[in-house]
Amino acid sequence: MDGNQISMLKKIMEIEFTCIDLNLYLDTHPEDQKALQDYNYYSNQLSMLKQQYEQFYGPLMVFGHSQSQYPWKWVDDPWPWEIEY
Amino acid sequence: MWVYEKKLQYPAKVCKPDVKMAKYLIAQYGGPDGELAAALRYQTQRFVMPTGKAKAVLTDIATEELAHLEIIATLVFKLLKGVPVEILKREGLGEYYTEHDRGLFYADTTGMLWTAAYIQAKGDAIADLHEDMAAEEKARATYEHLINLTDDPCVKDTLRFLREREIVHFQRFGETLVQVREYMESKKFF
Amino acid sequence: MYDYNPYVQDYAFPSLKLAQAYVPLQKYVSLYPPEEAIKKGTVFPELDMPYVGEKMR
């Protein structure tokens with residue numbers, strides 16, 4: 001796995017983590033406009049990063065959420081537990 | 001439904017193989033206060049939660065716990081990678097190796113198999129949320145014990161991340177408890 | 001870590017009933033930037049409560 005793939009993956013983890021923590025906050029504070037604004041901001045950033053990553057390295061999600069180049073890239077190694085960070 | 005993402009929530013790494021630590025870490029895979037218990041507990045309790053907010057909190061935290069389950073599995077997998085059988089045997093994993101080789105299985109550090117008896121779904125939101133808050137504290141305590149059991153800075157780093165998540169989850173369950181109680185009291189009077 | 005405590009006045013005692021557990025509702029104050037948040041394990045500075053290590057017993 002090349003260094004660029006690792007660093008893109010780590011960037012996605014960072015932004016997604018911020019989304020997760022804001023998501024849980026919004027679950028108990030659904031009317032917090034500032035938090036929702038921040039959530040939407042990072043969510044938008046996350047989709048762009050994921051799209052970029054998937055173009056080079058194959059789908060992060062299946063079941064129709066992402067498309068794949070030929071041949072079906074989902075089956076490619078490495079899987080998450082096999083990656084050395 | 002659920003959709004898998006082909007990535008970890010956190011870049012879990014180990015600095016070197018360590019059979020003893022793998023044996024201890026299994027506690028958070030298939031032990032009573034581990035991530036499988038957490039994920040399945042919240043997932044099944046959510047159906048009778050009285051408010052949308054409470055259903056959201058249980059659904060989302062259950063989902064995050066599955067990501068933590070994968071992180072624990074990754075640490076165990078990496079800690080056992082390439083370790084010869086003689087060392088597995090010497091370091092106390094002979095019994096585990098007999099049944100599972102270096103594969104992942106839902107047992108605790110003593111080999112006790114995971115059981116649904118570890119968890120409860122009382123059908124009572126207040127009782128269940130107290131269990132959930134206790135579960136987060138027990139998992140936090142377990143992570144602290146695990147941090148004390150290793151010298152590996154890479155493993156410690158991931159365990160600190162997971163421990164902090166227990167604190168955030170406790171806060172959300174606590175807020176949910178107060179909100180559910182308020183909701184139930186408002187229903188009583190109107 | 002974190003000094004400002006916006007919760008002090010929330011715990012006016014007369015409003016609390018006996019035999020009930022309470023956790024104060026978090027207020028939205030500030031966020032760690034994403035690269036720091038993942039290292040801390042939370043995006044919220046006021047929930048960042050790191051483990052200090054084993055106490056001598």
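The shown structure was predicted, so the numbers you read here are calculated from the model rather than taken from an experiment. First the proteins, then the strands, lettered A, B, ... as listed; each starts at 1. FYI, side chains are in, hydrogens and waters are out, and symmetry mates aren't considered; it's all heavy atoms of this structure.
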Asks: Side chains of residues 35-52 of chain A: which donor-acceptor pairs under 3.5 Å do they make with residues two or more places apart or in other chains?
Replies:
{"unit_1": "A:Asp38", "atom_1": "OD1", "unit_2": "A:Lys34", "atom_2": "NZ", "d": "3.2"}
{"unit_1": "A:Asp38", "atom_1": "OD2", "unit_2": "A:Lys34", "atom_2": "NZ", "d": "3.1"}
{"unit_1": "A:Asp38", "atom_1": "OD2", "unit_2": "C:Tyr28", "atom_2": "OH", "d": "2.7"}
{"unit_1": "A:Ser47", "atom_1": "OG", "unit_2": "A:Ser43", "atom_2": "O", "d": "2.9"}
{"unit_1": "A:Ser47", "atom_1": "OG", "unit_2": "A:Asn44", "atom_2": "O", "d": "3.4"}
{"unit_1": "A:Lys50", "atom_1": "NZ", "unit_2": "A:Glu16", "atom_2": "OE1", "d": "3.0"}
{"unit_1": "A:Lys50", "atom_1": "NZ", "unit_2": "B:Glu5", "atom_2": "OE2", "d": "3.0"}

Asks: Nearest 0.5 Å, what's the CG-CD distance between A:Asp32 and C:Gln26?
Replies: 9.5 Å
Asks: C:Pro34 and A:Thr18: which non-hydrogen atoms are nearest, and at how many Å?
Replies: CA-OG1, 3.3 Å
Asks: To the nearest 0.5 Å, how far apart are CD in C:Glu35 and CZ in A:Phe17?
Replies: 13.0 Å
Asks: Where does A:Lys11 contact chain C at under 4.5 Å (heavy atoms): side chain, backbone, both or neither?
Replies: side chain
Asks: How close do A:Glu14 and C:Ile38 get, counting heavy atoms only, and between which atoms?
Replies: CG-CG2, 3.7 Å
Asks: Side chains of A:Leu22 and C:Leu31: does their closest heavy-atom pair fall under 4.5 Å?
Replies: yes
Asks: Ignoring hydrogens, what is the shortest heavy-atom contact between C:Leu25 and A:Thr28? Give both atom names and the distance.
Replies: CD1-O, 4.3 Å
Asks: Can you name the residues of residues 66-85 of chain A that have some heavy atom under 4.5 Å away from a heavy atom in chain C?
Replies: none
